[in-house]
Each structure stands twice: as structure tokens, then as C-alpha cells.
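For the single chain, residues carry numbers from 1 onward in sequence order. Just follow the structure's listing: the first ligand is 1, and inside any ligand the first atom is 1.
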Amino acid sequence: SVRWGLIGASTIAKQFMINAIRAQADGEVAAVMSSNPERAKAYASENGIPAAVSTVDALLGADIDAVYISTTNELHLEQGLAAIEAGKHVLCEKPLALTSVDAKQMVAAAKAAGIVFGTNHHLRNAGAHRAMREAIAAGRIGKPIAARVFHSVFLPENLQGWRITRPEAGGGVVLDITVHDADTLRFVLGDDPVEISAFTQSAGMAGSGLEDGAMCIWRFKSGVIAQSHEGFTTKFAGTGFEVHGSEGSLIATNVMTQKPVGSVLLRTASGEEELSFDREDLYTRSLRQFHAAIRGEGQPSATGEDGIWSLASAEAALQSSKTGKSVMIDPQL
Ligand code: NDP
């Protein structure tokens, strides 16, 4: 069995990841660590977790094989390095760190230690995005020309905390959502971004100089151009992902989400076709791939390198918005 330790008594673990671990035939949540001992205990008892600790050392000293890190973003690096040093496999939340240089340090340490390291970019596990990737790879839209990503949402009240108040914790919509769009564009297109230009805004929700909206324009290696919109303040926008090619268009609706929902339409000269796709829970699939990787079968669905790419892209977007110039994306991998 794979015994997991949770670093961070977080909302995402409670809403999705604890269930995803327990959905595996060989997955067990053995312990949780919160910086606050009372919170650790309460969280453990609410979620049926046998052990509650309040330091990373205590967690790493427990009988566990792997850790899932879902603390605020400024803590991922130090906690990740400690887990790697203790020989534990690491599934880390995005962004992997506050800078891509830090992320590279963590991923290099994981490689040197020979442990499995993954980034929790859940959208790669969505049947909708996998169906789009397959359709493009099979040539069903001809030569891809342009992509459009609609990922501006409303940040739920219970999450209106560090994301909109704490720059030092890695708040802001770019580190929160643009990283996902970077990863999903790379995955669906099977291509890497080379350049980005971004405008950001503060539309009334985020303070402390943090952005709560962003519009980005991307250029990919193949010449594809893309646009993406990320936001915390648009209650009624809905989400979507489109790829337009020389012979067809893929139009996906309601797919930039944590749930296996939405639809994908293929439009070509022969008409419109609704693509069918797998509706497995995204996080359960992510965990299954991770457990397989621990057994030596394949890689996590998003690797450490994928996490470096998405963070380098977000960094470039922030730099572009600050300087008013487009910025090259080069994670130097
Ligand atoms: P939360 O705000 O729920 O948790 C982050 C930290 O805040 C926790 O580790 C906890 O610290 C502290 N905390 C949480 N609730 C309370 C509370 N009521 N009182 C005091 N402190 C509290 O974060 P999220 O779950 O929203 O995000 C965590 C990480 O996961 C981030 O890196 C984020 O980017 C990522 N994420 C990824 C998603 C994905 O789909 N891939 C989706 C959502 C988030 P402590 O552990 O010390 O108690």
C-alpha cells in the first residue's frame, strides 16, 4: 500500500485529494500536518485521519511513503526539499514554488534522490482535455492555428483569503490560474510556449497590489497563437477551451473546472460532432498515475518539469504585465 502524509490542512485536500487517495485500492491517508496543533487534530478527526502532527519533521518521521503538499505557495519549496531529503515521494500543488528557479531546485533534488515527483495540474486528467489532445494529434482539425482559453471565474467566498491578500504567500490570479492554463495549453496542443504578453487588473476583489484578473497572449513553438483569460471576479462568465485549425475547430464548454463535466464539439466541413469522453474524477486519475509511477510504471500525469514550465510561463506573464512588453518563456530545462 501507499501511505500518504498530508502537508497542509487545506481545502483542496478535504474537497478532493483525500477522497482521491482513498479511491485507490492501495491508498491510505496516514497523517496530516498543520502548523497549528489544534487545527491538525480537528482536521484529522473531521476527515478520519489516524495521526495529526504540527511539524514537517514529525510528519516525515511517521510511517509514510509519500507526501501531498497543499500549503500556501511560499511553503512548497522548503517542505518539498525536506520530504525529498527524507526519501518520500512528493505530489506538490501548483505553483511548485514562488519562482521557477526554486522549482527547478526542488525537481533536481527529487531526481537526484530517485523519488517520484509530480505537480498537481488536475486538468490534464480531464477526459475533455484528453479527447481534445487526441483529436488534434490525430489530425482531425488539420494544422492547429489558434487557441482560446476562458478561465475567469468567481473565487468562492471560503477561498477569499491569502489568494487576494498575501503577495508573500504567492497570491494573485496568475500564480493561481494562469499556471493551469499554461499547462493545459501545453498538454492539449502538444507544444511549448515561447513568448507571452499580459495585461493584469485589480477589479475590486484583490488588495495589497495583487491582480485578480489577467488576459494573456501566447506564442507557441509551432507558430500557434493563443489567448487566455483568468479571473476571480466574473460571476457569470462560464469557462471554455477552443482550438482552431485549418480543417476544423474544437470547442469545449465548461471544462476549466475541478469536476469531470462539460462538452467538446468538433466542427468541420462535414458538420458538428459531439466528442464522447471519459468522466472519471480528475484527481482520482492523477493519483492512479502517481501510484503507478511509484511502482515504476510510467510518470505522474504532470511531472516536475511540467510544473516548472507552468511557473516559468506565469512568471513571464507577471513580468510582461509589469513592464508593458512581451516576454520570452524559457525555463532552461
Ligand atoms: P487553503 O487556504 O484551504 O489552505 C492553505 C493553508 O492555509 C493550509 O495549509 C492551512 O495551514 C491554512 N488554513 C486553511 N484553512 C484555515 C483556517 N480555517 N484557519 C487557519 N488557517 C487555515 O488553501 P487551498 O486548499 O485553497 O490551496 C492550497 C494549495 O493548493 C495552494 O498551493 C493552491 O494553489 C493549490 N490548489 C490547487 C488546486 C488544484 O486543483 N490543483 C485547487 C485548489 C488549490 P496549516 O496547514 O498550517 O493548517
Inset, instruction - Flag yes if F290 and V90 sit in one hydrophobic cluster, no otherwise; membership is Ile, Leu, Val, Met, Phe, Trp, Tyr, and two members link when side-chain heavy atoms are under 4.5 Å apart. - result: yes
Inset, instruction - Using the test side chain to side chain contact (heavy atoms under 4.5 Å, CB included), find all partners of T165 that sit at least two apart in sequence or belong to another chain. - result: none
Under 3.5 Å, side-chain donor or acceptor atoms of residues 235-245 against the rest of the protein: list the pairs with distances, not counting sequence neighbours.
| residue | atom | partner | partner atom | Å |
| --- | --- | --- | --- | --- |
| T239 | OG1 | V255 | N | 3.3 |
| T239 | OG1 | M256 | N | 3.1 |
| E242 | OE1 | R148 | NE | 2.9 |
| E242 | OE1 | R148 | NH2 | 3.0 |
| E242 | OE1 | H244 | NE2 | 2.9 |
| H244 | ND1 | S249 | OG | 2.7 |
| H244 | NE2 | R148 | NH2 | 3.4 |

Inset, instruction - May I ask you to check if ligand 1 and I12 share an N or O to N or O distance below 3.5 Å? - result: yes
Inset, instruction - Using a 4.0 Å heavy-atom cut-off, say whether W162 meets ligand 1 through its side chain, its backbone, both or neither. - result: side chain
Legend entry - Test of proximity, T72 against ligand 1: N or O pairs below 3.5 Å: no
Inset, instruction - Check ligand 1 against H180 and write out every atom of the ligand that is under 4.0 Å from a heavy-atom position of the residue. - result: 39 (C), 41 (N)
Legend entry - atom 8 (C) of ligand 1 [closest protein heavy-atom partner, distance rounded to 0.1 Å]: A9 O, 3.8 Å
Inset, instruction - Do me a favour and list the nearest non-hydrogen protein atom to atom 37 (C) of ligand 1 with residue, atom name and distance? - result: E93 OE1, 2.9 Å
Inset, instruction - Would you sort out whether E247 and K143 count as a salt bridge (Lys or Arg N to Asp or Glu O under 4.0 Å), showing the intermediate values? - result: CA-CA 7 Å; E247 311 299 326; K143 184 177 150 39; over 6 Å; no
Legend entry - Six-ring centre of F277, R130 cation under 6.0 angstrom, axis tolerance 45°: no
Inset, instruction - Check ligand 1 against N120 and write out every atom of the ligand that is under 4.0 Å from a heavy-atom position of the residue. - result: 41 (N)
Inset, instruction - With heavy atoms of N73 as the reference, note each atom of ligand 1 found under 4.0 Å away. - result: 31 (C), 32 (O), 34 (O)
Inset, instruction - Measure centre to centre between the rings of F187 and W309, then say whether the value is under 6.0 Å. - result: no
Inset, instruction - Check ligand 1 against H76 and write out every atom of the ligand that is under 4.0 Å from a heavy-atom position of the residue. - result: 32 (O)
Legend entry - Whether S70 lies under 4.0 Å from ligand 1, heavy atom: yes
Inset, instruction - Output the list of atoms in ligand 1 that are nearer than 4.0 Å to some heavy atom of L159, sorted by atom number. - result: 26 (O)
Inset, instruction - Could you find the nearest protein heavy atom to atom 45 (P) of ligand 1 and give me its residue, atom name and distance? - result: S34 OG, 3.4 Å
Legend entry - Pair E28 + R22: basic N to acidic O under 4.0 Å: no
Inset, instruction - With atom 26 (O) of ligand 1 as the reference point, say which of Q258, R163, R39, Q15 has the nearest heavy atom. - result: R163
Inset, instruction - Tell me which protein heavy atom sits closest to atom 3 (O) of ligand 1, plus the residue, atom name and distance to 0.1 Å. - result: T11 OG1, 2.5 Å
Inset, instruction - Pull out every atom of ligand 1 sitting under 4.0 Å from any heavy atom of S35, numbered as shown with elements. - result: 45 (P), 47 (O), 48 (O)
Legend entry - Audit row: E195, K221, salt bridge (Lys or Arg N to Asp or Glu O under 4.0 Å) steps and yes/no: CA-CA 9 Å; E195 187 178 1; K221 247 177 221 152; over 6 Å; no
Legend entry - hydrophobic_cluster_shared for V194 and F220, side chain cutoff 4.5 Å: no
Legend entry - Ring-ring centroid check Y283 H122, cutoff 6.0 Å: yes
Inset, instruction - Mark up the atoms of ligand 1 that fall under 4.0 Å of a heavy atom belonging to G8, in ascending order. - result: 9 (O), 46 (O)
Inset, instruction - Give the numbers and elements of all ligand 1 atoms closer than 4.0 Å to a heavy atom of Y283. - result: 39 (C), 40 (O)
Inset, instruction - Apply ring-ring contact (aromatic ring centres under 6.0 Å, His included) to the pair H180 and H121, showing each step before the final yes or no. - result: CA-CA 6 Å; H180 281 313; H121 278 310; 5.2 Å; yes
